[in-house]
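Reading through the structure tokens given below for one structure.
These figures come from a predicted structure and were not determined experimentally. Every number for a ligand or one of its atoms is a count from 1 in the order of the listing.
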Amino acid sequence: MEQADVLIVGAGPAGSSCAWKLVRAGLRVAIVDRAVFPRSKPCAGWVTPGVFEALALDPRQYARQCVLEPLSAFLTGLLDGAARRTDFGAAVSYAVRRTEFDHFLLRRSGAAAALGTAVDSLCRGGGRWEVNGRWRAPVLVGAGGHFCPVARHLGARPADEEAVIAQVAEFQMDAGEARVSRAQGECPELYFLPGLDGYGWCVRKGDWLNVGLGSEGGRGRAGHLAALLERLRRTGRLSAARRPSFQGHAYLLRRASRRPAGGAGVLLAGDAAGLAAESSGEGIWPAVASGLQAAQQILDAGGDPEKLRVESYEDELRRRFGPAGDAHGRAPAGWPERQAARLVFSGPSFLLRALLERRFLHAAA
Ligand SMILES: Cc1cc2nc3c(=O)[nH]c(=O)nc-3n(C[C@H](O)[C@H](O)[C@H](O)COP(=O)(O)OP(=O)(O)OC[C@H]3O[C@@H](n4cnc5c(N)ncnc54)[C@H](O)[C@@H]3O)c2cc1C
């Protein structure tokens, strides 16, 4: 049996961030992921500056090894209406390729990684967790994303949850496509669905193009995706010949999540806890922030599972990400007055700017 002070399930941003902090504090950390890294992860790859700050990572250092596109403007509109550009004059966010970003964070964490290994059995006895009959550790962190086996062990039922269902394709344009594409690296494009319950996007990262669409419950997604692709072709973003191959995935908005923050000797972080932000669906920052916070709780407990305070971790998640869902899976304050919000797209430009600043660029909140 292999021993660790902390065993982390899932090597996405939540697991790697947690591991990074614990390893730096001198703990023996094992991180297990069913995928072999670098692995692809369905995601637009939009990250707010708070992610880099929280990880003490200089974006310029990251850009020396990986694709990093600074974002200084947004083109936004309704999927069935006109779009307008809002310029911020300087980088307010970044776009990364998740396949590179997650691999970078995992290597940087310094944790012992067991990759290509799915966690399929968990039990706790004598104050220790035993995983796959191979590892034993007093403290466990569930960071395995929406379908995390640790979250399911604690009672999460993904099939019964109202998740955001999203589809994405990321591909490298050939030289001809890259030259003529009207997608601009500094300006991601967001096209909101008529009911404002999701949006499609087009994000250029160097020669890479990322196109996708996410909506709550995935309602009407085939029609919306077809409309998005038609628009991107008509407006010269996507070449007529390109047939992107889409991958799908799900995640929970914080207000729709009723998952626990942890249990005896265990904490959940990132999508496993259901933390993505309202309106924007931003999940990378919550994953990193909760991973670091979980590490802090473990350090505060001196690695002793009996001293691990799940309630105080839950309080911290509530303080940072707002209340979790109510009995109906709906938070009291969602996107305010959805239909009225449609006016933002046709009203004065300062309204649109305020919406982007408040709902999309709030990483440090
Ligand atoms: C299409 C799409 C677009 C998105 N775009 C954005 C965006 O632009 N910006 C943003 O901030 N957020 C975005 N999100 C949300 C964001 O991707 C997630 O919130 C984020 O990846 C959560 O990180 P995590 O570390 O919690 O989980 P993940 O990144 O999902 O990592 C979980 C890891 O656990 C592993 N795992 C799962 N099950 C097991 C198992 N049984 N055993 C071992 N390992 C296991 C997986 O292989 C995976 O590597 C998007 C989501 C989708 C679906």
Enumerate donor-acceptor pairs with a distance under 3.5 Å from any side-chain N or O in residues 17-24 to protein atoms, sequence neighbours excluded.
| from | atom 1 | to | atom 2 | distance (Å) |
| --- | --- | --- | --- | --- |
| S17 | OG | P13 | O | 2.6 |
| K21 | NZ | Q296 | OE1 | 3.2 |

- Task: Could you tell me the residue and atom name of the protein heavy atom closest to atom 25 (O) of ligand 1, and the distance to it rounded to 0.1 Å?
- Result: A14 N, 2.9 Å
- Message: Measuring from non-hydrogen atoms of A118 to any atom of ligand 1, is the shortest distance under 4.0 Å?
- Response: yes
- Which residue from G144, G274, A250 reaches closest to atom 34 (O) of ligand 1 through any of its heavy atoms? G144
- Task: Identify the protein heavy atom lying closest to atom 52 (C) of ligand 1, giving its residue, its atom name and the separation to 0.1 Å.
- Result: P42 O, 3.3 Å
- For A287, the ligand 1 atoms with a heavy-atom partner under 4.0 Å come out as 22 (C), 23 (O), 26 (O)
- Item | Nearest neighbour of atom 38 (N) of ligand 1 from the list R34, R98, H249, on a heavy-atom basis | R34
- In this structure, are over 12 heavy atoms from other groups packed under 6.0 Å from R234 atom CZ? yes
- Note on the structure: Residue pairs passing the salt bridge (charged side-chain N to carboxylate O under 4.0 Å, His left out) test with at least one member in residues 6-19, sequence neighbours excluded, are none
- Query: Are R136 and W129 in a cation-pi setup, meaning NZ or CZ lies under 6.0 angstrom from the ring centre and within 45 degrees of the ring axis?
  - Reply: no
- Query: So among E162, R258, H146, which one has a side chain to side chain contact (heavy atoms under 4.5 Å, CB included) with L252?
  - Reply: H146
- Item | Derivation of the salt bridge (charged side-chain N to carboxylate O under 4.0 Å, His left out) call for E170 and K205 | CA-CA 10 Å; E170 185 168 276; K205 311 161 190 182; 2.6 Å; yes
- Report the part of Y251 in contact with ligand 1, treating N, CA, C, O as backbone and CB onward as side chain, heavy atoms under 4.0 Å; options are side chain, backbone, both, neither. side chain
- Query: Under a 4.0 Å heavy-atom limit, does F360 contact ligand 1 with its side chain, its backbone, both, or neither?
  - Reply: neither
- Message: Quick check on contacts: which atoms of ligand 1 are under 4.0 angstrom from a heavy atom of W46?
- Response: 7 (C), 8 (O), 9 (N), 10 (C), 11 (O)
- Which of these passes side chain to side chain contact (heavy atoms under 4.5 Å, CB included) with V119: L140, V150, V131, D33? V131
- Item | Heavy atoms from other residues, nucleotides or ligands near CZ of R107 exceed 12 (cutoff 6.0 Å) | yes
- Evaluating non-hydrogen atoms only, which member of L122, V47, D33 is closest to atom 49 (O) of ligand 1? D33
- Task: Could you tell me how the ring of Y62 sits relative to the ring of F101: parallel (under 30°), tilted (30 to 60°) or perpendicular (over 60°)?
- Result: perpendicular
- Return the residue, atom name and 0.1 Å-rounded distance of the protein heavy atom closest to atom 12 (N) of ligand 1. G283 N, 3.0 Å
- Message: If hydrophobic clusters are built by linking Ile, Leu, Val, Met, Phe, Trp and Tyr wherever their side-chain heavy atoms come under 4.5 Å apart, do F360 and L75 end up in the same one?
- Response: no
- Message: Give me the residue, atom name and distance of the protein heavy atom closest to atom 30 (O) of ligand 1.
- Response: K41 CE, 3.3 Å
- Close-contact set for ligand 1 against A44 heavy atoms, below 4.0 Å: 3 (C), 4 (C), 5 (N), 6 (C), 8 (O)
- Which value, rounded to the nearest 0.5 Å, describes the distance between L7 atom CG and W135 atom CH2? 7.0 Å
- Message: So if I count the atoms of ligand 1 from 1 in the order they appear, which ones are less than 4.0 Å from some heavy atom of D271?
- Response: 18 (C), 19 (O), 20 (C), 22 (C), 26 (O)
- Task: Pick, from S16, C43, G145, A269, the option with the minimum heavy-atom distance to atom 14 (N) of ligand 1.
- Result: C43
- Message: Before you tell me yes or no, could you show the steps for E278 and R359 under salt bridge (charged side-chain N to carboxylate O under 4.0 Å, His left out), namely the whole-Å CA-CA distance, both residues' side-chain angles and the distance that decides it to 0.1 Å?
- Response: CA-CA 8 Å; E278 178 73 13; R359 299 287 178 166; 5.4 Å; no
- Under 3.5 Å between some N or O of ligand 1 and some N or O of G15? no
- Message: Within the structure, is a non-hydrogen atom of P149 found at a distance of less than 4.0 Å from ligand 1?
- Response: yes
- With a 3.5 Å cut-off and no angle check, do the side chains of E177 and S239 form a donor-acceptor pair? yes
- Query: Any idea which atoms of ligand 1 are less than 4.0 Å away from a heavy-atom of T117?
  - Reply: 43 (C)
- Query: Does the side chain of E311 come under 3.5 Å of the side chain of Y313 through a donor N or O and an acceptor N or O?
  - Reply: no
- ligand 1 to R39, heavy atom cutoff 4.0 Å, flagged ligand atoms 29 (O), 31 (O), 48 (C), 49 (O)
- Message: For Y94 and F52, I'd like to know if the aromatic rings sit close, meaning centre-to-centre distance below 6.0 Å.
- Response: yes
- Task: Name the closest protein heavy atom to atom 31 (O) of ligand 1, giving the residue it belongs to and the distance to 0.1 Å.
- Result: G12 CA, 3.5 Å
- Have a look at ligand 1 and work out which part of P13, if any, has a heavy atom under 4.0 Å from it: side chain, backbone, both or neither. both
- Nearest protein heavy atom to atom 42 (N) of ligand 1, by residue and atom, and its distance? V119 N, 2.8 Å
- Considering only the protein, which heavy-atom contact is closest to atom 1 (C) of ligand 1, and what is its distance? A166 CB, 3.3 Å
- Query: Under 3.5 Å between some N or O of ligand 1 and some N or O of V168?
  - Reply: no
- ligand 1 to I284, heavy atom cutoff 4.0 Å, flagged ligand atoms 9 (N), 10 (C), 11 (O), 12 (N)
- What atoms of ligand 1 come closer than 4.0 angstrom to any heavy atom of G270? 26 (O)
- Just heavy atoms, cut-off under 4.0 Å: does C148 contact ligand 1 by side chain, backbone, both, or neither? neither
